[in-house]
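This report concerns only the one structure given below.
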Amino acid sequence: MSKDLIRDRDSRCTDAVDAVFHAEGIATVKTGIRVPRMKAIMERWVRTCRSEP
């Protein structure tokens, strides 16, 4: 089973943070550049997944 972490391109998440996750076997996937509505879209998707039986 693959473990992925989807994160934005915030300056607080440096390469050192990615290295910590990589050491634990978690791949980090960065969101697209200049995608202002990404958070809203992902929150809606997660809410849909949680409400399905």
Side-chain angles (χ1 to χ4, degrees):
M1 185 169 130
S2 175
K3 294 181 183 180
D4 297 324
L5 171 71
I6 301 173
R7 68 170 187 83
D8 62 358
R9 296 178 179 268
D10 192 356
S11 62
R12 292 178 287 184
C13 296
T14 61
D15 291 335
V17 174
D18 288 341
V20 170
F21 286 117
H22 182 69
E24 293 295 322
I26 301 171
T28 56
V29 179
K30 295 180 183 176
T31 59
I33 298 172
R34 299 183 128 201
V35 186
R37 295 187 56 230
M38 179 66 72
K39 183 176 180 183
I41 292 167
M42 292 309 299
E43 285 177 352
R44 186 177 308 131
W45 182 79
V46 168
R47 188 176 340 127
T48 301
C49 290
R50 287 182 178 171
S51 66
E52 290 182 357

Enclosure of Asp15 CG (heavy-atom neighbours >12, cutoff 6.0 Å): no

Flag if over 12 foreign heavy atoms under 6.0 Å of CD1, Ile33: no

Reported OG1-to-NZ distance for the pair Thr31 and Lys39, which is rounded to 0.5 angstrom: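 If I round to the nearest 0.5 Å, the distance is 12.0 Å.
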
Nearest-0.5 Å distance, CZ of residue Arg47 to CZ of residue Arg44: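 Here the interatomic distance stands at 7.0 Å.
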
Arg7 bridged to Asp18 by N-O distance under 4.0 Å: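 Yes, this pair counts.
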
Val17 with Leu5, same ILVMFWY side-chain cluster at under 4.5 Å: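 Yes; Leu5 is reachable from Val17 via cluster members.
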
